[in-house]
Amino acid sequence: MIENRSLVIIGSGPAGLAAAVRARKSGIDDVLLLEREDQLGGILKQCIHTGFGVKIFKEELTGPEFASRYIRKVKELGIDYRLDTMVISMDEGKNITAVNPRDGLVVYKAECVILAMGCRERARGALRIPGTNPSGIFTAGTAQKFVNIEGMKPGKTALILGSGDIGLIMARRLALEGMKVKAVCEIMPYPGGLERNIIQCLEDFDIPLRLSHTVVRIHGGHRLEGVTIARVDELLKPVPGTEEYVKCDMLLLSVGLIPENELSREAGIIIDPVTGGAIVNQNLETSVEGIFACGNVLHVHDLVDYVAIEAERAAKSAVEKIKGKGKDPKKRIQITAGNGIRYTVPQIIDYYDENEKIKIYFRSSDKLDESRVTVTCKGKNIYTKKYKRLIPAEMEYIKITASDIKGRKVIIEAEKR
Amino acid sequence: MKKQYDIAIIGAGVVGALIARRLSFYDVSICLLERHIDAAMGASGANSGIVHAGYDAEPGSLKARFNILGTGMMPGLCRQMGVPYKNTGSLVVAFDEDDEARIDDLYKNGIAENIEGLEIISGEKAREMEPALNPGITKALFASTAGVVSPYKLNIAAVENAVANGVDFIRETNVEGINGARGGFIIQTSRGNINAGTIINCAGIYADDIAAMAGDGFFHLTPRKGEYLLMDRSEGGLVERVIFQPPSDKGKGVLVMTTVDGNLLIGPDANVADSKEDIETHADSLDYVYRTALRSCGGLKLGKVITSFAGLRATPDTGDFIIGESIKVPGFFNAAGIESPGLSSAPAIAEHMAGLISESLGGLVEKKEYSKGKGNHDFFRDMTLEEKEKAIRENPDYGQVVCRCENVTKAEIIESIKGPAGARTVDGVKRRTRAGMGRCQGGFCLPAVIDILAGELGISKEDVMKGDPGSYIFAGRTRE
Ligand SMILES: Cc1cc2nc3c(=O)[nH]c(=O)nc-3n(C[C@H](O)[C@H](O)[C@H](O)COP(=O)(O)OP(=O)(O)OC[C@H]3O[C@@H](n4cnc5c(N)ncnc54)[C@H](O)[C@@H]3O)c2cc1C
Ligand SMILES: Cc1cc2nc3c(=O)[nH]c(=O)nc-3n(C[C@H](O)[C@H](O)[C@H](O)COP(=O)(O)OP(=O)(O)OC[C@H]3O[C@@H](n4cnc5c(N)ncnc54)[C@H](O)[C@@H]3O)c2cc1C
């Protein structure tokens with residue numbers, strides 16, 4: 001079966017929901033939202049802690065509360081959505097093949113597509129942690145789903161590897177549910193998650209944070225019996241003699257999220273090796289015309305508010321394209337992440353209008369106190385912003401004006417003042 | 001459980017399973033005893049999955065004979081049973097004159113064994129065939145008959161086939177002693193005694209212990225471990241053929257290959273293991289595997305590794321496979337010391353063993369009706385759009401994709417549990433369907449697989465295991 005649609009959005013996390021609402025409100029009647037799970041909301045469904053929506057709603061909502069505000073709008077606006085619907089392939093011509101038990105297999109021919117597939121978690125294998133292969137090793141998100149949605153305890157005593165926000169939040173969650181958390185180990189010399197989470201999730205629960213530590217061996221035949229942890233040097237290599245055995249029956253891994261771009265690759269979209277997401281311009285259009293990306297599938301976000309803002313931007317661009325208002329740019333400018341900058345989104349600026357204010361999100365590549373971010377083109381500084389502190393865990397943004405950009409290249413750098 | 005059989009086969013690895021399948025064509029009662037909760041949990045579940053051309057074994061050895069015969073049987077056998085197999089060909093690459101001499105020797109071996117499709121080619125030609133090969137490669141031995149197979153699927157399909165033909169697959173049953181004699185063996189197991197007229201010992205790394213139990217422990221097996229790194233399907237296709245390095249005293253050398261399921265696999269190394277249960281991986285071994293593989297192909301990306309694993313070779317002190325009836329204990333047959341190329345050889349070993357048993361029992365008669373396998377089995381992910389559409393129309397569970405990385409549907413998972421010798425564990429589902437074998441390694445599908453297992457087996461979620469008893473996933477509920 002083949003169906004034509006102006007706009008198909010893949011994924012119904014906050015990115016997909018916010019994009020759908022915005023596109024529908026802007027007059028696109030046949031928006032279609034595809035979600036492989038049995039409910040709308042994406043990862044927010046299982047994030048029952050508060051801290052969502054501070055920027056958009058000026059309130060501390062839980063994940064499900066935040067999602068429900070958008071889900072209500074989706075329903076009020078009569079937006080068409082399909083649950084239990086897995087997109088299994090997509091091509092450059094924007095033919096999207098999806099399956100579900102009710103409609104069977106359907107090919108949607110879309111004028112525009114918004115990618116909002118979120119990300120998956122990096123697993124043990126990717127870290128190559130040696131040792132045995134028992135049960136009891138979970139990614140933090142899977143454990144979160146077990147505890148928060150299914151009401152199941154994935155073990156009794158845990159060690160958590162990785163101090164990203166998911167790891168920190170799960171440490172508190174396990175403690176609250178009566179499980180013991182021996183420690184959170186972090187290979188870097190600084191924590192990966194937001195500071196408020198270090199305080200609220202670890203310090204308030206007396207859970208030790210072991211910086212510059214990693215797991216070097218898994219023990220146990222059938223079920224995990226313990227892990228060996230060790231301190232690492234500056235090159236992140238374990239230091240012999242610093243090994244410690246920690247008895248535990250559960251190892252939670254919070255060691256990174258990977259944008260789910262298999263479909264994007266299939267459609268020929270060019271991926272940024274640093275973000276793991278598509279390379280986009282300021283309209284969040286990928287290298288395939290008419291396909292846009294937003295949310296965690298584009299780059300990993302720590303604040304849902306930014307996801308929603310980004311999604312609205314993608315929807316606005318898609319709507320303009322559908323209504324035939326898309327213009328051809330006068331020139332294309334490459335943004336280079338220079339010293340001190342890990343990546344930027346967008347990676348490309350298309351020059352349409354000299355007055356356009358262009359928002360560039362970035363993460364620093366290291367912890368930098370009392371720093372300064374500069375933008376230069378053709379050797380000339382066109383923008384400077386001072387920061388009290390930059391850390392890789394927190395995404396920042398700057399705004400530059402199109403007319404300031406000379407030539408076809410700009411470099412963004414961060415350094416100590 | 002029945003207690004009396006004509007034939008008891010000990011060990012449901014690929015060797016025991018294929019023997020059970022082959023004997024199940026005859027009118028005899030057979031049990032297949034396995035100490036684990038599933039088949040393919042020994043060496044047959046953790047190896048390279050290569051169907052070797054057969055040039056590396058000593059000419060005239062059992063290894064050479066069964067390898068060449070088995071490799072010839074493999075394509076047809078896999079077709080009968082619906083097991084993924086691909087005739088890829090292989091290359092042994094040489095980096096210097098010593099290596100060139102080694103591959104010349106292999107070539108001569110192969111010619112002595114009448115192996116077809118062997119050719120020594122130049123480094124340039126090799127790189128033309130496999131652009132990912134390093135410039136330092138000077139020559140290569142090409143073998144056109146080599147291929148790749150899914151070893152655990154072959155193993156499991158053989159058990160299923162055997163069970164469909166009436167074999168009793170008795171799991172979680174450890175053989176602990178053997179008494180009696182031909183015609184009246186008493187096998188002591190962790191679940192009570194089983195009587196059998198004939199015993200076939202296919203116990204993998206434990207085959208020497210089983211032979212000793214029977215009273216003929218004339219050989220000794222050493223567990224030699226091989227560790228691997230498995231990479232994302234995105235890297236599969238880096239090489240089309242199996243790329244070997246010349247064999248040395250450490251084994252066949254580290255290889256680079258694309259598995260039949262499309263992942264890139266590198267390994268194994270070879271070290272004596274601490275015990276017969278030791279399948280731990282080690283940082284230095286994995287490191288060695290990666291560094292050594294880089295010699296063949298510079299383009300291997302460590303960041304693309306999705307899992308690592310180890311398998312144990314059952315290396316006999318006799319230097320060759322041990323196949324046949326015990327001289328001291330008539331009625332007790334060994335298929336022991338089946339190290340590499342044991343997977344390739346297994347079909348031929350099964351054929352040969354069936355002949356020996358039939359002879360020993362005075363000539364077995366074929367059943368009037370039996371199955372040789374369920375034929376081609378299409379996985380949802382390999383179906384065409386039309387086939388997918390039809391499959392979902394006939395069974396809506398095909399429309400429910402459970403494993404997103406490998407596109408495994410609910411219908412396939414249910415089938416894997418319900419089938420003959422069905423899955424009882426998360427790993428069992430994984431080996432039968434690939435759910436959880438992809439890049440996220442089950443992070444996404446684990447909760448759904450647990451639900452389906454609990455539902456189909458009629459057990460609570462707390463009782464769902466990853467593998468053997470004790471490998472529980474949940475320690476309880478947060479709310480009762
Ligand atoms: C544990 C955790 C704690 C967090 N804490 C906070 C916090 O306190 N405050 C805050 O502001 N932010 C927080 N965040 C960040 C924020 O919630 C995420 O960045 C945001 O949810 C990402 O939204 P998304 O829509 O891009 O992705 P997701 O929410 O992951 O949604 C993607 C959706 O796409 C679907 N999908 C993917 N592929 C397909 C396909 N092929 N076919 C059909 N559907 C598909 C998925 O099923 C999923 O529903 C947290 C995140 C996590 C994981
Ligand atoms: C690292 C490695 C790489 C290899 N690569 C290849 C290759 O590429 N190509 C190739 O042709 N071959 C290869 N091989 C060899 C091949 O894997 C083996 O020859 C083959 O799997 C052996 O099968 P099996 O049935 O004899 O043993 P196994 O698969 O080990 O099966 C033996 C079974 O017996 C059961 N058992 C043991 N003791 C008892 C007991 N007391 N009671 C009940 N049950 C018992 C075990 O649980 C097990 O299931 C490789 C081997 C290794 C280790």
Side-chain angles (χ1 to χ4, degrees), chain A residues 1 36 84-86 88-89 97 99-107 120-136 138-139 141-142 145-157 177-179 216-223 238 249-250 253 258 260 262 265, chain B residues 227 229-230 234 277-286 302-310 380-381 385 388-389 391-393 396-401 404-405 407 409-410 426 439-444 446-447 450-451 461-462 465-479:
Chain A
M1 192 164 74
R36 65 183 169 200
D84 290 317
T85 305
M86 174 88 171
I88 56 172
S89 73
T97 309
V99 296
N100 76 25
R102 274 159 282 109
D103 312 322
L105 180 141
V106 183
V107 178
R120 64 167 175 272
E121 299 175 276
R122 184 170 282 127
R124 170 188 176 187
L127 301 182
R128 284 172 281 115
I129 306 174
T132 55
N133 185 19
S135 68
F138 305 97
T139 57
T142 304
K145 184 166 186 182
F146 284 145
V147 176
N148 291 352
I149 298 199
E150 307 202 345
M152 302 301 294
K153 286 186 184 175
K156 299 184 192 88
T157 309
E177 290 292 352
M179 287 163 267
V216 295
R217 190 168 167 195
I218 308 276
H219 304 262
H222 298 311
R223 175 74 191 195
D249 71 345
M250 172 173 33
L253 302 173
I258 306 166
E260 285 248 76
E262 280 64 39
R265 284 199 183 85
Chain B
E227 300 188 24
L229 291 168
L230 186 81
S234 66
E277 293 296 304
D278 167 22
I279 46 167
E280 260 200 84
T281 55
H282 299 267
D284 47 353
S285 298
L286 297 176
L302 213 44
K304 292 289 181 179
V305 171
I306 61 173
T307 189
S308 35
F309 62 90
F380 183 75
R381 95 166 205 236
L385 287 190
K388 283 181 176 145
E389 208 167 357
I392 303 172
R393 218 181 310 119
D397 283 342
Y398 272 106
Q400 186 81 51
V401 177
R404 63 181 167 189
C405 301
N407 276 348
T409 64
K410 187 174 177 186
V426 172
R439 49 182 67 93
C440 91
Q441 290 286 298
F444 176 75
L446 180 63
I450 292 170
D451 283 348
K461 289 208 251 192
E462 288 101 311
M465 298 287 145
K466 173 181 185 289
D468 278 328
S471 61
Y472 60 91
I473 291 162
F474 299 122
R477 291 174 190 262
T478 59
R479 339 175 245 282

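Chain A is the first sequence line, chain B the second, and so forth, proteins listed ahead of strands; every chain is numbered from 1. Remember, it's a predicted structure, so these values are computed and weren't measured experimentally.
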Working to the nearest 0.5 angstrom, can you tell me the gap between B/I450 CD1 and A/F146 CZ?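 One finds 4.0 Å between CD1 of B/I450 and CZ of A/F146.
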Could you grab the distance from atom CZ of A/R128 to atom OG of B/S308, nearest 0.5 Å is fine?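 Nearest 0.5 Å value for the CZ-OG distance: 8.0 Å.
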I need the residue from [options] with the largest number of non-hydrogen atom pairs under 4.5 Å to chain A.
options: B/F309, B/Y398, B/F444; result: B/F444
options: B/R381, B/R439, B/E277, B/E227; result: B/R439
options: B/P447, B/P469, B/G443; result: B/P447
options: B/L302, B/D468, B/D278; result: B/L302

Please walk me through it: do B/E280 and A/R217 pass side-chain contact (heavy atoms from CB on, under 4.5 Å)? CA-CA 9 Å; B/E280 260 200 84; A/R217 190 168 167 195; 2.8 Å; yes
Contacting region of [X] [heavy-atom separation from chain A under 4.5 Å]:
X: B/R404; value: both
X: B/I473; value: both
X: B/D451; value: side chain
X: B/D397; value: neither

Specify which of [options] makes the most heavy-atom pairs with chain B at under 4.5 Å.
options: A/R265, A/R102, A/E262; value: A/E262
options: A/K153, A/E121, A/M250; value: A/K153
options: A/G178, A/G136, A/G125, A/P101; value: A/P101

If every non-hydrogen atom of B/T281 is compared with every non-hydrogen atom of A/I129, which pair is closest and at what distance?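 Nearest pair, atom of B/T281 first, then A/I129: OG1-O, 4.4 Å.
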Can you see which heavy atom on A/I88 is nearest to which on B/F380, and at what distance?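 The pair with the smallest heavy-atom distance is CD1-CE2, 4.5 Å.
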[X] portion near chain B, given a 4.5 angstrom heavy-atom threshold:
X: A/K156; answer: both
X: A/M86; answer: side chain
X: A/D249; answer: side chain

Assess the residue pair B/L385 and A/T97 against the criterion (side-chain contact (heavy atoms from CB on, under 4.5 Å)); give the C-alpha distance rounded to whole Å, side-chain angles, the decisive distance to 0.1 Å, and a yes or no. CA-CA 9 Å; B/L385 287 190; A/T97 309; 3.8 Å; yes
Treating B/S471 as the side-chain partner and A/H222 as the backbone partner, does any N or O pair qualify as donor plus acceptor under 3.5 Å?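 Here the side-chain-to-backbone pair does not exist.
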Given 3.5 Å as the limit, does a donor-acceptor pair link the side chain of B/Q400 with the main chain of A/V99, or not?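 No.
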Hey, are the side chains of [X] and [Y] touching, using non-hydrogen atoms and a 4.5 Å cut-off?
X: A/R124; Y: B/Q441; value: no
X: B/K466; Y: A/R223; value: no
X: A/V147; Y: B/T478; value: yes

For A/R122, which residues count as a side-chain contact (heavy atoms from CB on, under 4.5 Å) partner, sequence neighbours excluded?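 Testing A/R122 for side-chain contact (heavy atoms from CB on, under 4.5 Å), a comparison that skips the adjacent residues, returns A/A126, A/L127, A/V255, A/I258.
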Using a strict cut-off of less than 4.0 Å between a Lys/Arg side-chain nitrogen and an Asp/Glu carboxylate oxygen, indicate whether A/E150 and B/K461 qualify as a salt bridge.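 Counted as a salt bridge, because a side-chain N and a carboxylate O are separated by less than 4.0 Å.
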